[in-house]
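The shown structure was predicted, so the numbers you read here are calculated from the model rather than taken from an experiment. One-based numbering, in listed order, for ligands and for the atoms of each.
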Amino acid sequence: MSNYDQMWKELGLDLPNHEGLLKFLGEAYQGIYLTQKNRPAGMGYFDFVISEVHGLRIKEIVDARKAGKKGIGTFCVYVPEELVLAANGIYIGLCAGAEVGTPQAEQYLPRNTCALIKAFFGFKLANLCPYGEVTDLIVGETTCDGKKKAYEAFNDITGKMHIMDLPNTKSAEGRKLWRAEVARLKDKLEELTGVKITPEKLAEAMKIVNDKRRALQRLAALRAADPTPISGLDALLINQIAFYDDPIRFTDMLNKLCDELDGRVKEKVGVVPAGAPRVLVSGSPMAIPNWKLHHLLETSGAAVVGEESCVGARNYRALTPEKFAGLDDALDKIAERYLTIDCACFTPNDERIENIVKMRDELKVDGIVHYALQFCTLYTSESFKVAKELKEFPFLRVETDYTMEDAGQLKTRIEAFLEMVRNRRK
Ligand code: BJ8
């Protein structure tokens, strides 16, 4: 019996199946993460966070809600975190990266829905996600068709959805619509929390969120070193944890880790031999515990040095300007900052190609692996344009889901790709 059983019971979780899920997670973590060699000592904090993924952090949120705070769930990096914090809310990323409750999810969703959407449905319907249960409001967005329709059904089940109408072009009209949606979310949060969002509260929230982004940027820049001082798997984990840990504590611990990595870079200490093929992973987000592609790449001899993804650069690339003149100007700046995000749900989306090229050059990448979740029309379609624009640059297109059924086949393709990259460098 765990210390948290009573809490999980009160949250309505299915205790026997939840225990099975935690066991599976613990074993996967042991096999994928704890077998890595020469990890930085600073990863100890992030190992601890994972070991308590449904424990301590949930308890903190439960206690904070008892003290009057509200939990705000999100599924997308377009939802402004600054507004949530300024309303004294707790920001909780809800995307799930494991195949759970698929038969239940398929009662509501077509089979050819991407794994990310099926997983958030499945976790809810199988009563296995404590994070969904500690939310008072869930903010969705009109990004892809799959999400749009899934949110309607999710609202029928939870009754907690607030949908932001995200335009699909960055035209003057689109910007106007988005600015109005940012204001509408502000009003909704104020109504829910009873907290008035003032310029002072926004300034404080912007600093907290920007500090987190600055720490993530620092980690990203350190990975440009050869040998890279941290594995792609560990960096991915940190980017995943950024969506639900306490932001101030997270930033502090990440900066401490980066201090250690600074030392490693100076001493040329790496986690893979110098000269290992350097890979940029680009495309769909990878929510916890989706570590499949990084694991396959790194156990095949690659060093993953960047993620051009929402669980990666798309989340931290832009800061929100911290200087503004009053509330309206602050909301303008927030709306503009979020519209710099280059998700494939926008058309045209040329910024994404520019950003991929920039990351490729800054991180001294040898090959790009384009990752799209199966049935994600946006990223699978855009992968063709990305490949074309990159011309002869080594590019591997991967389309997969959360199961391990295609792991053998993927590994064979990855090994052949890395071989080609190595030969090209000779
Ligand atoms: S800003 S990438 S987090 S929408 S994988 S559910 S797109 S069918 S997750 Fe996303 Fe926001 Fe864009 Fe980022 Fe649909 Fe594709 Fe599934 Fe996706």
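With ligand atoms numbered from 1 in the order given, ligand 1 contributes 1 (S), 3 (S), 4 (S), 11 (Fe) to contacts under 4.0 Å with heavy atoms of Cys76. Less than 4.0 angstrom separates some heavy atom of Pro285 from each of these atoms of ligand 1: 2 (S), 9 (S). Shown in contact with Tyr78 at under 4.0 Å from a heavy atom are these atoms of ligand 1, numbered in order with element: 1 (S).
Between Asp145 and Lys148 there is a salt bridge, since at least one side-chain N of the basic residue sits less than 4.0 Å from a carboxylate O of the acidic one.
Taking the six-membered ring wherever Trp is involved, the centroid distance between the rings of Tyr151 and Phe75 falls below 6.0 Å.
Taking Ala203 as the reference, Phe324 meet the side-chain contact (heavy atoms from CB on, under 4.5 Å) condition, with sequence neighbours excluded. Partners of Lys358 by side-chain contact (heavy atoms from CB on, under 4.5 Å), not counting sequence neighbours, listed by chain and number: Glu362.
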*Show your reasoning for whether side-chain contact (heavy atoms from CB on, under 4.5 Å) applies to Asp47 and Arg39.*
CA-CA 11 Å; Asp47 289 340; Arg39 297 173 79 211; 3.0 Å; yes
Solution key, residues 101-110 side-chain donor-acceptor pairs under 3.5 Å, sequence neighbours excluded:
{"unit_1": "Glu106", "atom_1": "OE2", "unit_2": "Lys118", "atom_2": "NZ", "d": "2.8"}

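For atom 12 (Fe) of ligand 1, the closest non-hydrogen atom of the protein is Cys343 SG, 2.3 Å. Among all protein heavy atoms, the one lying closest to atom 13 (Fe) of ligand 1 is Cys310 SG, 2.2 Å.
Atom 15 (Fe) of ligand 1 has Cys376 SG as protein N, O or S atoms under 2.8 Å away.
Atoms CG and CD, on Leu331 and Glu181 in that order, are 13.0 Å from each other to the nearest 0.5 Å.
Asp245 has its side chain out of reach of Phe243: every pair of non-hydrogen atoms, C-beta onward, lies at least 4.5 Å apart.
Per-atom contact check: atom 17 (Fe) of ligand 1 does not touch the protein, criterion being a heavy-atom distance below 4.0 Å.
Taking a 6.0 Å sphere around CD of Glu19, one finds it holds 12 or fewer heavy atoms contributed by other residues, nucleotides or ligands.
At a 4.0 Å heavy-atom cut-off, ligand 1 does not touch Cys345 at all.
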